[in-house]
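The structure appears right after this line, and notes come after that.
Just so we're on the same page: letters track the sequence lines, and every chain starts at 1.
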2 protein chains.
Amino acid sequence: MAFRVTAFDVAQRAGVTQPTVSRALNGSPKVSDETRAKVLQAAQELGYVINQNATRLRRGETMTLAVVLIGRAGESATETNPFYFSLLGSVAAAATARGYNLLVSFQDSPENFFGQYDDARQADGMIVIGTTQNPEAWAYFRGLDHADKAWVCWGAPDDDLRWVRSENEGGGRIAARYLLDCGRKQPVFIGARTSQQRQFGERYEGFAEELRSAGIVATAIEVDETLSREEQGVEAVRSLLQSGQAFDAIFAACDLTALGVLGALADSGISVPERVSVIGFDGIRAGNYSSPPLTTIEPDFQQAGDLLVQNVLNRIAGEPLTQRRVPVQLVKRGS
Amino acid sequence: MAFRVTAFDVAQRAGVTQPTVSRALNGSPKVSDETRAKVLQAAQELGYVINQNATRLRRGETMTLAVVLIGRAGESATETNPFYFSLLGSVAAAATARGYNLLVSFQDSPENFFGQYDDARQADGMIVIGTTQNPEAWAYFRGLDHADKAWVCWGAPDDDLRWVRSENEGGGRIAARYLLDCGRKQPVFIGARTSQQRQFGERYEGFAEELRSAGIVATAIEVDETLSREEQGVEAVRSLLQSGQAFDAIFAACDLTALGVLGALADSGISVPERVSVIGFDGIRAGNYSSPPLTTIEPDFQQAGDLLVQNVLNRIAGEPLTQRRVPVQLVKRGS
DNA sequence: ACAGATTTTTTCATCGATACCCCCTCGTAC
DNA sequence: GTACGAGGGGGTATCGATGAAAAAATCTGT
């Protein structure tokens, strides 16, 4: 193990005491410029770096946020919904910009997260992504007493939780408007609208409302939530075709489902966008490469990360519950 | 700030001293079963959780690994190559399985990583992903004195570094064999083969060798590394068509490039797989959704994560330099 | 030149664990 | 009955920083 330089070594070299080194490096006003310069130089020469564990122990603050990505039961971390990966990236950027470190873990079932991170003083707060796709995890979070927990989640369905979500209703409206502008008259929504999937429900509501204002009644195909998102799309198209119901457009609750829809339509020889228009929601990268490329509603990822981080930091600072919406926009591609 | 339970509180409740609590919880053999039971119960009743910062300070060990994802300059974290996201997922799984935490950061330029993580005692070791796509970062890592640094990287081109890579040559062979089995006679390799992109070079070499054994001379289209991976594929197809060179199969150095190739071929009205077969490398999820779905060479992600984590842990344990290869397999889809 | 007000630095305690050394039992051997 | 050894815990120092209080150095003004 290499010898580690401590503040004491720096102090010795700079000819001051160790606490002075600490103050100099932390920018305390109670140290003269001259001394600070000496200390900084000594620190540089020795390659000194503050031991964060000591600082954290002393300060009781970690400058670290934990991100927990909750997958579907049995799903490996590698298979995580790409939308969540992008969200993770934007959260990382936002945390870094605020000087916070990010501790990341992938879980497919609930753990004693708060014990592991907050109580163990590994993180000051927690950002949870993906609860809505895992009923067990959702139950865990709902059962908590939230009074003294600093956390925020993406898309939680509950009103008493601190969350950040997409502008789902607005997005649903935009989707409907887009399909109407394509001249479609019989659009169908595909997705789960359970109480847990509140985000999907919101998308549907905005969608239905916009259609209504155009004098069209929205229809929806419910899906089996035990299937993967993609299979949900495949299955929905299958049952839609079997039902004999006429349709000329599909709004899928999320992009993976939309990709399943595209595949199923292609398999059935139904051309997109000639006979049926398809629009998704999430803006995942894979949508760029499908055939045709998937038109979608994409949330502003940068803001999503920013708001998640900001929200949990607000909580840490003791501010009251806030829930924020991330603006979305239409990304027209080929479907 | 909520009152935090310390080992002292547990000791008091269990009627022992604080160090005994520590021993009991750490499974020391020097504590009787009876005492241990008392301690465990008291700890449970109080909801006690060890403060990791204190432990780390004392032990000088963090049980944390840092993962640094290096993107292309100017690329946002959200746009990270999905292959790296999958790798990140598998690294997370492997780290968790070994009781390690994961600190994640996305960077698009070199920082003083070792100061930030190792010297600051935030992590015991570092896993670096993506250096090969960022010349500046590569230069940083090459310029280091590696003697006392515990780190491993994915796909580094250098022989004196600790790395884990795919079985690139073998994968190249498999790709060639696949194209030959499809009855192709004029396959072309598309990708950068700079000294930095050693992995791509290896893929090409395996590819060329397998072709040679079938009496075919491999050709390759070099690409402009300043373009995105995807655009590289698009551009390569364009210049290939312009050159008038005949070809009936393409092996792209990575899946994003392959997706660009598929798009460019479609735009040129060249049908895949009827007129041209295409195979990629990486096994990214988006390849499932392209049209046709992308045939590819996929590394075993679980092993990739395992080997990365294992390798850096070996280094931490003081074992000599090791470089490991991850087995790959052919994933036949539609291209 | 000296008391008093400031500025700067030192001294010392502290965060919450772990590690080492020592001591007290109690059991076994002689 | 005494000695010795092992097992089980207690006492105390320590990891490396920060914060508060005390002390020293410097600067005022008269």
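- Under the rule for a ring pair (Phe, Tyr, Trp, His ring centres under 6.0 Å), Trp163(A) has no partner lying at least two apart in sequence or in another chain.
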Counting only pairs under 3.5 Å, give me each side-chain donor-acceptor contact of residues 62-77 of chain B, with atom names and distances, residues two or more places apart or in other chains.
from     : atom 1 : to        : atom 2 : distance (Å)
Thr62(B) : OG1    : Thr64(B)  : N      : 3.2
Thr62(B) : OG1    : Asp124(B) : N      : 3.2
Thr62(B) : OG1    : Asp124(B) : OD1    : 2.8
Thr62(B) : OG1    : Asp124(B) : OD2    : 3.4
Thr64(B) : OG1    : Thr62(B)  : O      : 3.1
Arg72(B) : NH2    : Glu225(B) : O      : 2.6
Arg72(B) : NH2    : Leu227(B) : O      : 2.7
Glu75(B) : OE1    : Arg72(B)  : N      : 3.3
Ser76(B) : OG     : Thr78(B)  : N      : 3.3

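- Atom-to-atom, CZ of Arg56(B) to C1' of dC15(C) comes out at 15 Å; the value is rounded to the nearest Å.
- Proximity of Trp151(A) to Arg162(A): side-chain heavy atoms (C-beta onward) are nowhere separated by under 4.5 Å.
- Stretches of at least 3 consecutive Watson-Crick or G-U wobble pairs, with each checked distance under 3.5 Å, appear in DNA chain C as C:1-30 with D:1-30.
- A salt bridge links Arg13(B) with Glu45(B): at least one charged nitrogen is closer than 4.0 Å to a carboxylate oxygen.
- Evaluation of the salt bridge (charged side-chain N to carboxylate O under 4.0 Å, His left out) test over residues 34-44 of chain A, restricted to residues two or more places apart or in two chains, returns none.
- Residue Asp158(B) is tested with Arg142(B), Gln323(B), Arg198(B) for a side-chain hydrogen bond (donor to acceptor under 3.5 Å, both in side chains); the sole match is Arg142(B).
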Kindly indicate, with the supporting measurements, whether the criterion side chain to side chain contact (heavy atoms under 4.5 Å, CB included) is fulfilled by Tyr84(A) and Phe85(B).
CA-CA 10 Å; Tyr84(A) 294 137; Phe85(B) 275 130; over 6 Å; no
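- For Gln52(A) and dC15(D), the CD to P distance is 19 Å, given to the nearest whole Å.
- The closest donor-acceptor contact from the side chain of Gln199(A) to the backbone of Arg165(A) lies at 3.5 Å or more, if one exists at all.
- dG16(D) atom C1' lies 9 Å from atom CG of Asn53(A), rounded to whole Å.
- Rounding to whole angstrom units, CD of residue Gln12(B) and C1' of dG10(D) are separated by 16 Å.
- A straight line from CG of Leu57(B) to P of dC15(D) spans 9 Å, rounded to a whole angstrom.
- Rounded to whole angstrom, the span from the CD atom of Glu61(A) across to the P atom of dA17(D) amounts to 17 Å.
- Side-chain nitrogen and oxygen atoms of Arg59(B) include at least one within less than 4.0 Å of the OP1 or OP2 phosphate oxygen of dA19(C).
- At whole-Å resolution of the value, CD in Gln122(A) and C1' in dC15(C) are 17 Å apart.
- The salt bridge (charged side-chain N to carboxylate O under 4.0 Å, His left out) check on Arg23(A) picks up nothing, with sequence neighbours excluded.
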Short heteroatom pairs, N/O only, protein and nucleotides 5-11 of chain C, under 3.5 Å:
from    : atom 1 : to       : atom 2 : distance (Å)
dT9(C)  : OP1    : Ser32(A) : OG     : 3.4
dT9(C)  : OP1    : Thr35(A) : OG1    : 2.2
dT9(C)  : OP2    : Ser32(A) : N      : 3.3
dT9(C)  : OP2    : Thr35(A) : OG1    : 3.4
dT10(C) : OP2    : Thr17(A) : N      : 3.0
dT10(C) : OP2    : Thr17(A) : OG1    : 2.8
dT10(C) : OP2    : Thr20(A) : OG1    : 2.9
dT10(C) : O4     : Arg23(A) : NH2    : 3.0

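- In this structure, Phe8(B) places its CZ atom 13 Å from P of dT12(D), rounding to the nearest Å.
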